[in-house]
Amino acid sequence: MAMYRQDYPGLPEMVEIAAQHARAVLSAWGPAQAETAEQIVRALAEDALTRTAPESLFTLTTCINPTEVSFEVCDPGVLVDGRGPTSALAEVSRLADTCGTRRGRDGSGHVSWAGLRLPLDLDGQEQALAAKGGQA
C-alpha cells in the first residue's frame, strides 16, 4: 500500500493543485481513473474550503492498494464567512464507489472521504502466476 499526505492552505487555488496531485498519482491506472480521481479530489477540496480559512490548512491523504484508492480530506470544521455550502459532496457521491463524512478523530474538525475501485491488471496477474508455475 502507498500513502501520500499533503497539507494545503485554505486558498481557492489549492483546490486545483490537490486535484492535479490526485490525477498524477492515479495516472498509472489509465486516463479514465486519473480523471475520476481528479474530479473527486477537486470536489472534496472545494467542500473543505467552506471550513478552512486562508490561514488554516486542510489535509489530503491518499491511500492506494491494488484494488482501491481512498481519499480523505480533513479540515478545521468551522464554517468560513463568505464561503457558503457547495454541492461538491453530491459530485463525490456520483463519482466515487464509496464516500462519507465524519468528525475528526479527536472530535474536532471535519473529514470527508471517498473510495474508488481500481481495475485489476489481469494480464499482469496471469504473468505473475505463470512465472510461479500456476494457472490463471
Side-chain angles (χ1 to χ4, degrees):
M1 179 171 92
M3 185 172 96
Y4 305 90
R5 184 179 170 138
Q6 293 185 286
D7 293 328
Y8 299 94
L11 302 170
E13 57 267 26
M14 295 298 112
V15 169
E16 195 57 34
I17 292 170
Q20 288 299 316
H21 168 75
R23 182 180 197 87
V25 168
L26 269 286
S27 63
W29 278 268
Q33 295 296 327
E35 181 177 344
T36 302
E38 177 181 16
Q39 292 171 335
I40 289 170
V41 169
R42 182 178 291 116
L44 290 171
E46 284 175 4
D47 178 66
L49 278 187
T50 66
R51 293 175 302 278
T52 308
E55 65 278 2
S56 297
L57 299 173
F58 68 90
T59 302
L60 168 63
T61 304
T62 305
C63 295
I64 303 173
N65 68 49
T67 60
E68 181 181 48
V69 60
S70 65
F71 304 103
E72 182 179 273
V73 174
C74 303
D75 63 62
V78 178
L79 289 176
V80 177
D81 289 338
R83 294 184 180 173
T86 70
S87 60
L89 291 183
E91 181 72 356
V92 172
S93 180
R94 183 182 73 78
L95 294 167
D97 294 308
T98 58
C99 64
T101 62
R102 61 178 169 77
R103 293 182 69 92
R105 295 191 197 287
D106 63 358
S108 65
H110 180 269
V111 178
S112 298
W113 58 269
L116 180 63
R117 287 185 200 95
L118 298 173
L120 297 175
D121 178 7
L122 296 178
D123 289 336
Q125 289 175 349
E126 288 175 5
Q127 291 170 4
L129 283 171
K132 292 180 181 179
Q135 297 180 36

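Atom set for the values below is all heavy atoms of this structure, side chains included, hydrogens, waters and symmetry mates excluded. Quick caveat, the model's predicted, so the values are computed rather than measured.
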* Side-chain touch H21/L60, heavy atoms, less than 4.5 angstrom ->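 Yes; the side chains approach each other to less than 4.5 Å.
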* Compare all side-chain heavy atoms of L118 with those of I64 and state whether any distance is below 4.5 angstrom. => yes
Would you name the heavy atoms of [X] and [Y] that are closest together and state the gap between them?
| X | Y | answer |
| --- | --- | --- |
| A96 | C99 | CB-CB, 4.4 Å |
| A22 | A37 | CB-O, 3.8 Å |
| S112 | R51 | OG-NH2, 4.1 Å |
| C63 | M3 | SG-CG, 3.7 Å |
| G115 | E68 | CA-OE2, 3.8 Å |

* Asked: Taking everything shown except R102 itself, do over 12 heavy atoms lie less than 6.0 Å from its CZ?
  -> yes
* Might you confirm whether atom CG of D106 has over 12 heavy atoms from other residues, nucleotides or ligands at distances under 6.0 Å? =>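 Yes, CG of D106 has more than 12 neighbouring heavy atoms, counting only those of other groups under 6.0 Å.
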Polar side-chain atom of [X] near backbone of [Y] as donor-acceptor pair, under 3.5 Å:
| X | Y | answer |
| --- | --- | --- |
| T50 | D47 | yes |
| D7 | L57 | no |
| S93 | L89 | no |
| R83 | T52 | yes |

* Which residue, V73, T98, T61, forms the side-chain contact (heavy atoms from CB on, under 4.5 Å) with W113? -> T98
* **Candidates V92, V25, L44 - the one meeting side-chain contact (heavy atoms from CB on, under 4.5 Å) with F71** => L44
Find out if a path of hydrophobic residues (ILVMFWY) with successive side-chain heavy-atom gaps under 4.5 Å connects [X] to [Y].
| X | Y | value |
| --- | --- | --- |
| L26 | I17 | yes |
| V80 | L49 | no |
| Y8 | V111 | no |

* To do: Could you walk me through whether Q6 and Y4 pass the side chain to side chain donor-acceptor pair (under 3.5 Å) test, one step at a time?
  => CA-CA 7 Å; Q6 293 185 286; Y4 305 90; over 6 Å; no
* To the nearest 0.5 Å, tell me how far R23 CZ sits from T36 OG1. =>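 Reported value, rounded in 0.5 Å steps: 9.0 Å.
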* Asked: Would R42 and E38 pass as an ion pair if we require N to O under 4.0 Å?
  -> yes
